[in-house]
Colleague: 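The structure is given below, and queries will be raised subsequently.
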Amino acid sequence: ALQLEVVTRLRRDAAQLSAADRKSLEVAEAQALASSGRRNAATDLFARLVSEYPDDGEIAEGYAQVLLSADDRESLELALAAWRNVLRRTRPNTPAWYEAKYSTALAHFKLGDREAAAKMIELLSTVDPGMGGAQMKGKFQALLARCR
């Protein structure tokens, strides 16, 4: 709520901000909306930002994360597509790549396709036993256990 209040106050002077600062303000607003539980408003704003800035990884990840936080099938299918897009655009074996891999598997799981989620995780563990480090490996293993 505090973040949204700050964004609202800054928005009053948005005409004086540079294009980059206005973009940052809108990203902060989308993140604040998501954090405050206003998922629909956050999703709408992130969707607009993704169309305006298709090459911005932070925006793409924020959009995918908000979609993944939903429970309805349509949002989860959009989340799966969004995380696949993030995955394609992210350099392999980086923290962001592992997070996108995990979130893609989680989207499959939430959509009820436990087999696809398990196969993703099992394949990753075969080709990369470290799976992005101890913390990330733990997340993958916990999700795999839920798949079984």
Colleague: Could you tell me which non-hydrogen atom of Trp83 sits nearest to which non-hydrogen atom of Gln65, and how far apart they are?
Modeller: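 Shortest heavy-atom contact: CZ2-OE1, 3.3 Å.
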
Colleague: For the atom pair NZ (Lys101) and CG (Leu106), what is the distance rounded to the nearest 0.5 Å?
Modeller: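 Separation between the atoms: 14.5 Å.
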
Colleague: For residues Phe109 and Ala117, report the shortest heavy-atom separation together with the two atoms involved.
Modeller: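 Looking at all heavy atoms of both residues, the shortest contact is N-CB, 4.0 Å.
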
Colleague: For Ser36 versus Leu33, what's the shortest heavy-atom pair and its separation?
Modeller: OG-O, 3.1 Å

Colleague: Got a second to check how far Leu67's CG is from Phe46's CZ, nearest 0.5 Å?
Modeller: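 If I round to the nearest 0.5 Å, the distance is 9.5 Å.
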
Colleague: Examine Leu68 and Val86 and state if one hydrophobic cluster contains both, with Ile, Leu, Val, Met, Phe, Trp and Tyr joined whenever side-chain heavy atoms are less than 4.5 Å apart.
Modeller: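 Shared cluster, yes.
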
Colleague: How close do Thr43 and Tyr63 get, heavy atom to heavy atom, and via which atoms?
Modeller: O-CE1, 3.8 Å

Colleague: Below 3.5 Å, can you tabulate the donor-acceptor pairs from side chains in residues 138-148 to any protein atom, sequence neighbours excluded?
Modeller:
residue : atom : partner : partner atom : Å
Lys139  : NZ   : Glu99   : OE1          : 3.2
Lys139  : NZ   : Glu99   : OE2          : 3.2
Arg148  : NH2  : Glu122  : OE2          : 2.7

Colleague: Return the CD to CG distance between Glu61 and Asn85, rounded to the nearest 0.5 Å.
Modeller: 10.5 Å

Colleague: Which residue, Gln31, Glu52, Lys23, forms the side-chain contact (heavy atoms from CB on, under 4.5 Å) with Ile59?
Modeller: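 Result for side-chain contact (heavy atoms from CB on, under 4.5 Å) with Ile59: Lys23.
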
Colleague: Spell out, as yes or no, whether a donor-acceptor pair under 3.5 Å connects the side chain of Lys110 to the backbone of Ala70.
Modeller: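 It does hold such a pair.
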
Colleague: Tell me every residue that passes side-chain hydrogen bond (donor to acceptor under 3.5 Å, both in side chains) with Asn40, counting only those two or more places apart in sequence or in another chain.
Modeller: none

Colleague: Which heavy atom of Leu80 sits nearest a heavy atom of Leu111, and at what distance?
Modeller: CD2-CD1, 4.0 Å

Colleague: Give every residue pair that meets the side-chain hydrogen bond (donor to acceptor under 3.5 Å, both in side chains) criterion with at least one member in residues 123-138, sequence neighbours excluded.
Modeller: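 Those involving residues 123-138 are Tyr98-Asp128.
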
Colleague: Take atom CD of Glu115 as the centre, draw a 6.0 Å sphere, and report whether it contains more than 12 heavy atoms from other residues, nucleotides or ligands.
Modeller: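 Not buried by this count: 12 neighbours or fewer within 6.0 Å.
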
Colleague: Rounded to the nearest 0.5 Å, what separates atom NE2 in His108 from atom CD1 in Ile121?
Modeller: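 So the gap between those two atoms works out to 10.0 Å.
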
Colleague: Looking at every non-hydrogen atom in both residues, tell me the closest pair between Glu26 and Leu45 and how far apart they are.
Modeller: O-CD2, 3.6 Å

